[in-house]
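Index from 1, following the sequence. These numbers come from a predicted model, not from an experiment.
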Amino acid sequence: MLKISLTGTWQLRDEILTYPLANARALSQCEDGWITQPVPGDIHQGLVDAGRIAEPLLGLNSFDCTWTETRSWWFRRTFVAPEGWQDADVAELEMHGLDCNAEIFLNGEHIGSHPSAFRPFVRDVKPWLRDGENVLLVRLTAGVEHVTEADVDSCDGVRPGTEAGNGRPERGEPRRTFARKPQYSWGWDWSPRIPTTAIGGDVTLRLMTTACIRDVALRPVQHGKEVLVYATVAVDQFHYFKTREGTVKVTLTDAQGRAFSAEANALLRSGLTYVELLIPIPDAQLWWPNGLGDQHRYKVEAILTVTEEKNPLKSVQSVDTKTFEYGIRFIKLITDDTFAFIINGQKIYAKGANWIPADALYARVSDEKYDTLVREARDANFNMLRVWGGGLYERDAFYEACDRYGILLWHDFMFACAPYPDHLAWFREEVEKEADYQTRRLRRHASIALWCGNNENHWGLADWWKEKTRGGAHVYNYILPAVVQRNCPEIPYWNSSPYGGERPNAYDVGDCHYWGEGTMNPDMQVRITPETYDNCTARFVSEFGYIGAPAKETLLTYLDGAPFDRQGKVWQHHNNTFEKNTVDVGIRKHYADPEALTPDEYVLYSGLVQGLMYTYALDSMHANPKCGGNLFWMYADCWGEVGWTIVDYYLRRKPAWYFVKRAYAPVRLILRPAGDDAIRVVIANDSADALAFDLEYGYLSLGGSLSQLRTASVAAAPLSRITLITFSRGDLDPTCGLWIARVPSRPDIAPGIFRAVDYRELRVANGGLRITNYESRMGDGKWECVVRVGADSYAHAVHFMLPEGALSSDNYFDLLPGETREIVITAASPLALEALLPLQLPLAPNLGMGSNVAQK
């Protein structure tokens with residue numbers, strides 16, 4: 001097989017939307033009017049590079065790009081056919097990420113139409129190839145120009161909604177459900193309207209002779225102490241009436257170099273032949289999610305050898321090889337009075353967030369960005385991400401990173417927040433092709449934990465659209481579960497998110513989106529009160545969230561020269577639709593009056609409130625023994641905005657990242673009220689280790705002078721959540737102290753803290769921070785600065801103002817009186833001690849921000 005990559009630099013031009021396809025031959029030969037265009041890439045990248053538009057994600061620039069929806073876009077690539085191409089049996093062109101309703105031409109001839117960005121265009125183009133130079137031409141549009149008003153109303157008159165009711169009439173597109181492309185590109189509460197027009201993946205020409213391996217499916221089965229791997233290799237033998245003799249060999253090799261193989265001879269029939277093999281693996285090394293073990297992966301190699309004649313000594317050739325990495329893991333979904341995942345026989349608590357595309361122009365997300373984002377999720381103690389149904393099936397680099405870092409994936413199929421036209425035969429057929437392709441493509445990834453039919457559409461059918469339509473229900477209830485069962489029965493399927501119970505979004509069955517009870521409650525005080533999450537009894541929370549500002553550097557970047565005016569047009573364009581002044585009101589409740597805040601103070605307080613809300617909510621859900629996990633909304637941005645995420649568009653950690661990391665620690669002490677006068681101490685032991693230690697608990701004054709602490713010996717089994725002890729609050733002043741639980745012998749277990757009043761009511765001035773140790777060393781190609789920080793009194797939100805690119809193992813943390821904590825800061829170059837002086841947040845009235853650090 002000879003592979004010719006056609007990714008890289010293409011050419012691009014635009015014409016009127018109705019430019020005739022009959023003119024494609026002449027257009028492909030035209031020399032003028034082309035600009036340079038990357039592939040994978042979106043037209044907006046080429047237009048920015050050519051100076052025709054400004055970067056769409058800055059300022060108000062997205063409004064200046066609406067004209068691109070009214071044009072047709074023509075991508076051109078010339079290439080030279082290699083010598084001997086005529087000897088190939090098949091010259092197969094494969095194009096990924098054609099952003100819906102594409103027309104493809106080779107050397108002026110129309111070779112195909114393609115309706116979906118969610119599966120590749122594949123065609124044997126040998127009849128149209130020629131010696132020397134060839135011209136590949138692809139026409140794309142935004143994708144909805146042929147959708148009529150009647151089409152939009154065809155789901156029983158129920159139309160997809162827009163953000164018009166929230167003051168954003170440009171965001172949303174009722175025609176979007178007829179275009180199989182990323183739905184978010186039309187605009188969402190967290191995304192501008194920039195409809196993508198892209199070749200979003202690789203383009204390859206494969207010259208193949210005799211036969212090839214189309215697919216390798218692996219399914220592990222536990223058999224005593226041994227794992228049996230059933231392998232099914234799909235071989236495509238190209239001759240349309242001959243048979244051939246062949247051999248298929250599949251080998252799995254572990255990290256220690258131990259190889260386990262099976263080989264089978266097969267009579268290769270014309271077209272597809274499925275060859276089945278059984279590979280026993282004694283003492284199999286399993287793949288574990290983050291926090292529970294290693295991410296063992298086997299190197300898989302499948303080799304196809306074909307004998308041209310009956311005498312094998314005359315003509316034997318290896319005609320195709322496929323290699324990939326594969327993690328062996330076993331997964332179950334249990335729904336009996338919970339909603340939880342069992343991995344390799346162990347019931348885990350799912351911890352993580354919702355994943356949206358990492359850029360509003362998804363085609364320009366690099367492999368490096370995928371790696372950074374998934375690694376940051378790993379470092380924040382995630383074990384799961386939910387791939388949300390309004391985005392896309394990501395490129396291979398994303399799934400490989402999840403396999404590498406131990407991040408399980410709840411994976412929606414790409415349907416979101418709308419009735420879909422599954423009364424149309426073409427739509428049902430297209431969806432089945434899409435689902436068939438994606439389930440076969442992704443089943444080999446150990447990270448895939450659940451296939452889910454859609455985002456919020458069952459909820460919509462019941463509650464939003466008042467049972468007026470069933471649009472989409474046949475897809476989610478029949479087509480998709482059948483495809484999953486056919487292609488990857490070992491992976492659970494769930495109809496929707498949320499789903500379960502008499503009506504979707506019930507607390508006692510399935511998963512829940514906890515919105516109206518919290519941040520989207522009409523009562524502003526409910527939105528900003530963390531204790532409201534103590535009322536959550538859901539079995540699994542797959543969405544809830546709270547909004548906060550990104551880093552100041554990110555704000556200044558996307559404001560693009562506009563003033564730091566929170567009422568200005570640019571600010572509001574980059575302000576989440578559901579923010580609705582929640583950030584300011586939350587700052588007022590918890591910390592300070594927001595009117596006179598400087599930009600630095602606004603960013604800091606905004607981030608701390610977001611971190612507080614996430615921490616309290618995650619802990620409350622975690623403390624519920626019937627809850628199987630929580631995935632907050634959402635993890636990272638697709639552009640710069642004040643929004644839900646903990647990692648911003650430019651990959652900067654927001655303060656809430658550190659709060660979430662602490663909430664998702666392997667061992668977490670959680671204090672919650674038990675009636676009016678008592679406090680219960682819950683331990684969430686998400687580790688694989690049994691725990692036994694002396695617990696110190698009780699009341700501690702903010703200055704440390706009053707300590708009413710007692711000690712009890714406690715224990716917790718692996719992967720358990722139990723109440724360790726319940727104790728009385730007593731008649732103690734909540735403004736002058738905290739109720740705590742800590743493990744003196746385990747400094748790696750953060751103290752649990754119960755605060756009975758808002759932060760701004762606490763009567764503490766300054767914690768007397770001190771650095772008790774500092775060293776700088778080289779490690780893993782970067783400098784590590786190790787700092788030990790202590791406090792004489794309670795210190796809130798202790799943080800380091802780090803230079804760009806430096807990362808801290810912890811930040812914005814609290815220190816109890818007399819507590820010390822070791823922090824590791826990584827940077828590209830050594831950091832002087834003076835640059836690492838920590839700050840704390842002043843809580844007493846009329847105190848300015850300062851450090852008050854002593855060095856020892």
Q.
Out of the candidates Asp508, Thr338, Asp337, only one should pair with Arg539 under the side chain to side chain donor-acceptor pair (under 3.5 Å) rule; please name it.
A. Asp337
Salt-bridge contact [X]-[Y] (side-chain N to carboxylate O under 4.0 Å):
X: Asp758; Y: Lys589; value: yes
X: Arg821; Y: Glu819; value: yes
X: Asp619; Y: Arg668; value: yes
X: Arg404; Y: Asp371; value: yes
X: Arg729; Y: Asp677; value: no
X: Lys626; Y: Asp336; value: no

What about the rings of [X] and [Y], do their centers lie closer together than 6.0 Å?
X: Phe632; Y: Tyr614; result: yes
X: Phe382; Y: Tyr635; result: yes
X: Tyr759; Y: Tyr591; result: yes

Polar side chain donor-acceptor pair, [X] to [Y], under 3.5 angstrom:
X: Gln295; Y: Trp288; result: no
X: His796; Y: Asp814; result: yes
X: Ser687; Y: Asn685; result: yes
X: Tyr664; Y: Asn383; result: no
X: Asp637; Y: Thr645; result: yes
X: Ser620; Y: Arg672; result: yes
X: Thr711; Y: Asp694; result: no
X: Arg329; Y: Asn344; result: no
X: Arg652; Y: Thr554; result: yes
X: Arg653; Y: Tyr658; result: yes

Counting only N and O atoms by type, is there a donor-acceptor contact under 3.5 Å from the side chain of [X] to the main-chain atoms of [Y]?
X: Arg755; Y: Val757; answer: yes
X: Asp403; Y: Ser447; answer: yes
X: Asn521; Y: Gly516; answer: yes
X: Thr529; Y: Thr532; answer: no
X: Lys654; Y: Gly548; answer: yes
X: Asn630; Y: Gly352; answer: no
X: Ser701; Y: Ser705; answer: yes
X: Asp593; Y: Glu595; answer: no
X: Thr723; Y: Ile725; answer: no
X: Ser606; Y: Val603; answer: no

Is there a side-chain contact between [X] and [Y] (heavy atoms, below 4.5 Å)?
X: Val682; Y: His622; result: no
X: Pro838; Y: Ile771; result: yes
X: Asn290; Y: Tyr405; result: no
X: Glu376; Y: Asp379; result: yes
X: Leu816; Y: Ile740; result: yes
X: Ile587; Y: Leu597; result: yes
X: Leu802; Y: Ile825; result: yes
X: Leu604; Y: Tyr812; result: yes

Q | side chain to side chain contact (heavy atoms under 4.5 Å, CB included) evaluation trace for Phe754 with Leu738 | A | CA-CA 6 Å; Phe754 178 79; Leu738 304 163; over 6 Å; no
Parallel, tilted or perpendicular: which describes the rings of [X] and [Y], with under 30° parallel and over 60° perpendicular?
X: Phe540; Y: Phe341; answer: perpendicular
X: Tyr514; Y: Tyr507; answer: tilted
X: Trp190; Y: Trp388; answer: perpendicular

Let me confirm one number: the [atom1]-[atom2] distance from [X] to [Y], rounded to the nearest 0.5 Å.
X: Arg680; Y: Ile722; atom1: CZ; atom2: CD1; value: 12.0 Å
X: Leu408; Y: Ile331; atom1: CG; atom2: CD1; value: 5.5 Å
X: Ile528; Y: Leu612; atom1: CD1; atom2: CG; value: 10.5 Å
X: Asp534; Y: Asn624; atom1: CG; atom2: CG; value: 11.0 Å
X: Leu409; Y: Trp355; atom1: CG; atom2: CH2; value: 9.5 Å
X: Gln708; Y: Trp739; atom1: CD; atom2: CH2; value: 10.0 Å

Q: Kindly indicate, with the supporting measurements, whether the criterion side chain to side chain contact (heavy atoms under 4.5 Å, CB included) is fulfilled by Val642 and Val583.
A: CA-CA 9 Å; Val642 177; Val583 172; 4.3 Å; yes
Q) Regarding Arg662 and the six-membered ring of Phe659, is the cationic atom NZ or CZ under 6.0 Å from the ring centre and inside 45° of its axis? A)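 Because its charged atom sits under 6.0 Å from the ring centre and within 45° of the axis, Arg662 does stack over Phe659.
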Q.
What verdict does the side chain to side chain donor-acceptor pair (under 3.5 Å) test give for Arg527 and Thr519, after you've listed the backbone C-alpha separation in whole Å, the side-chain angles of each residue and the deciding distance to 0.1 Å?
A. CA-CA 4 Å; Arg527 293 186 201 173; Thr519 304; over 6 Å; no
Would you give me the side-chain donor-acceptor pairs under 3.5 Å for residues 783-790, sequence neighbours excluded?
| from | atom 1 | to | atom 2 | distance (Å) |
| --- | --- | --- | --- | --- |
| Glu784 | OE1 | Arg777 | NE | 2.9 |
| Glu784 | OE1 | Arg777 | NH2 | 3.3 |
| Arg788 | NH1 | Thr820 | OG1 | 3.2 |

Q: Check the pair Glu517, Cys536 against side chain to side chain contact (heavy atoms under 4.5 Å, CB included), reporting the backbone distance first and the verdict last.
A: CA-CA 9 Å; Glu517 304 85 345; Cys536 180; over 6 Å; no
Q | Derivation and outcome, side chain to side chain donor-acceptor pair (under 3.5 Å), residues Asp733 and Thr735 | A | CA-CA 6 Å; Asp733 188 346; Thr735 67; 2.8 Å; yes
Q) Are more than 12 heavy atoms from other residues, nucleotides or ligands located less than 6.0 Å from atom CE of Met524? A) yes
Q.
Is there a side chain to side chain contact (heavy atoms under 4.5 Å, CB included) between Lys580 and Val585? Walk through the geometry before answering.
A. CA-CA 10 Å; Lys580 300 186 186 302; Val585 178; over 6 Å; no
